[in-house]
Undergrad: 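My questions all concern the structure below.
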Amino acid sequence: MKPHTLAGIGLMLAGIALFSINDALGKWLLATYSVGELLLIRGIAALILLAPFIRRAGLTAFTNAPRPALQIVRAVLSTLEVAMFFWAVSYLPLADTVTFYLAAPIYVTALSVLLLGEQVGPRRWTAIVIGFVGVMIALRPSAASITLPALIALTGSVFFAFLMIATRHLRETPNTVLVATQIGATFLFAIVAAPFAWVTPSLWDLALLLLFGVLSIAGLACVNLSLKLAAASVVAPYQYTIIVWAIVLGYVVFGNAPDPFTLSGAAVIIAAGLYILWREQTQRDPPTPLHP
């Protein structure tokens, strides 16, 4: 294996690890602070780190970005999925929330038929159905056990799938513009939401909240660089290590041991997702990797 490919795999693994630690830190902070406050301070830290790149790109990179209406829709979708992820994870074990979000690439394949006009053969439709079965297993087999937080996580994962579809449409947009509009839109949402449940953080908690923002940008940087060094079809499967991190961190930090339904559902979703990834690799460009 070529050195740059190994480096790409290593960076994807590092990025997923950083995202996972970020998610665990977010869940920890949500015991005290609201989703709005969490995202507000995260946005401040992220925008400070992004400022040099935004300045280098210049205002014209944003004003001349293709399909401005879709850029706005994408930013709104990003804000909704992030808010729903952390809203859900404040109630659910980390592994449960992550399991629902792992199904997003499966939704993307199903939605691509309607929204992108792509052709999906019977084998991939079978994998899509199997992936949905995995989601139902993770939801639990009894309708009485389907909770509002689980439905929030499931809805967030659907918004994330639409986000990936929008990103495919905007693939010619510079990375700085894509990332900055996502962070900026979430920051604007947080400015409105945070005051309704504001808790003044201690210096220590403020440092953790700022670290929360730094980790998210660092994880994104690792994933983006990984995709520059190696083919997406090579590094994308390593995104599924996020469920391992979620299980380990959920147990070590919060004492949440995953139940058999979550583990079984995650296994079915991952198997279906990997098969879809393999089929798409053989026929066209592979799907956009997850952004946890």
Side-chain angles (χ1 to χ4, degrees), residues 9-28 30 81-82 84-109 127-128 130-141 147 149-161 163-164 215-216 219-220 222-223 226 232-278 286-292:
I9 292 171
L11 284 165
M12 176 61 76
L13 290 171
I16 296 303
L18 289 170
F19 279 132
S20 301
I21 296 169
N22 185 65
D23 292 343
L25 179 59
K27 181 175 175 62
W28 177 273
L30 284 168
E81 70 89 3
V82 168
M84 287 189 168
F85 178 89
F86 286 109
W87 187 11
V89 86
S90 64
Y91 296 99
L92 293 175
L94 193 57
D96 288 42
T97 308
V98 167
T99 295
F100 292 124
Y101 270 70
L102 287 177
I106 296 170
Y107 304 151
V108 169
T109 303
I128 290 168
I130 292 172
F132 286 137
V133 170
V135 173
M136 292 301 103
I137 293 172
L139 272 172
R140 314 294 187 268
T147 63
L151 293 177
I152 291 169
L154 192 60
T155 303
S157 69
V158 173
F159 280 130
F160 185 51
L163 171 64
M164 287 197 286
L215 287 173
S216 64
L220 186 59
C222 285
V223 169
S226 129
S233 58
V234 173
V235 298
Y238 292 93
Q239 68 190 332
Y240 289 109
T241 57
I242 194 171
I243 190 61
V244 177
W245 281 103
I247 291 170
V248 171
L249 290 171
Y251 181 73
V252 171
V253 180
F254 304 103
N256 300 137
D259 59 39
F261 293 114
T262 298
L263 291 174
S264 301
V268 172
I269 291 168
I270 290 171
L274 288 174
Y275 179 78
I276 289 171
L277 180 67
W278 175 74
T288 305
L290 281 176
H291 177 190

Undergrad: Does any part of the side chain of Y101, heavy atoms only, come nearer than 4.5 Å to the side chain of V89, both counted from C-beta?
TA: no

Undergrad: Roughly how far, to the nearest 0.5 Å, is the OG1 atom of T97 from the NZ atom of K27?
TA: 6.5 Å

Undergrad: Using a 4.5 Å cut-off on heavy atoms from C-beta on, say whether the side chain of I247 contacts that of L263.
TA: yes

Undergrad: Quick one: sort the W28 and F254 rings into parallel, tilted or perpendicular, breaks at 30° and 60°.
TA: tilted

Undergrad: If you measure from OG on S20 to CD1 on I243, what distance do you get to the nearest 0.5 Å?
TA: 9.0 Å

Undergrad: Filter on salt bridge (Lys or Arg N to Asp or Glu O under 4.0 Å), then keep only pairs touching residues 255-271, sequence neighbours left out; what's left?
TA: R140-D259

Undergrad: What are the two closest non-hydrogen atoms of A88 and P149, and how far apart are they?
TA: CB-O, 3.7 Å

Undergrad: Which heavy atom of G219 sits nearest to which heavy atom of F19, and what is that distance?
TA: C-CZ, 3.5 Å

Undergrad: Rounded to the nearest 0.5 Å, how far does CD1 of I16 lie from CD1 of I242?
TA: 5.5 Å

Undergrad: If you define the side chain from C-beta out and look only at heavy atoms, does anything of F86 sit under 4.5 Å from V82?
TA: yes

Undergrad: Within a reach of under 6.0 Å around OH of Y91, are more than 12 heavy atoms found that belong to other residues, nucleotides or ligands?
TA: no

Undergrad: Return the minimal non-hydrogen interatomic distance between L92 and A153, and the atom names on each side.
TA: CD1-CB, 4.3 Å

Undergrad: So, for A246 and V98, which heavy atoms are closest and what is the spacing to 0.1 Å?
TA: CB-CG2, 3.9 Å

Undergrad: Give me the atom names and distance for the closest heavy-atom approach of A17 to W245.
TA: CB-CZ2, 3.5 Å

Undergrad: For residues 266-273, which side-chain N or O atoms pair as donor and acceptor with protein atoms under 3.5 Å away, sequence neighbours left out?
TA:
none

Undergrad: Which pairs with one or both residues in residues 248-257 pass salt bridge (Lys or Arg N to Asp or Glu O under 4.0 Å), sequence neighbours excluded?
TA: none

Undergrad: Would you please test F160 and M84 for side-chain contact (heavy atoms from CB on, under 4.5 Å) and show each step?
TA: CA-CA 10 Å; F160 185 51; M84 287 189 168; over 6 Å; no

Undergrad: Write down the atom of L18, the atom of C222, and the distance for their closest heavy-atom approach.
TA: CD1-SG, 4.0 Å

Undergrad: What distance do L94 atom CG and T99 atom OG1 have between them, rounded to the nearest 0.5 Å?
TA: 9.5 Å

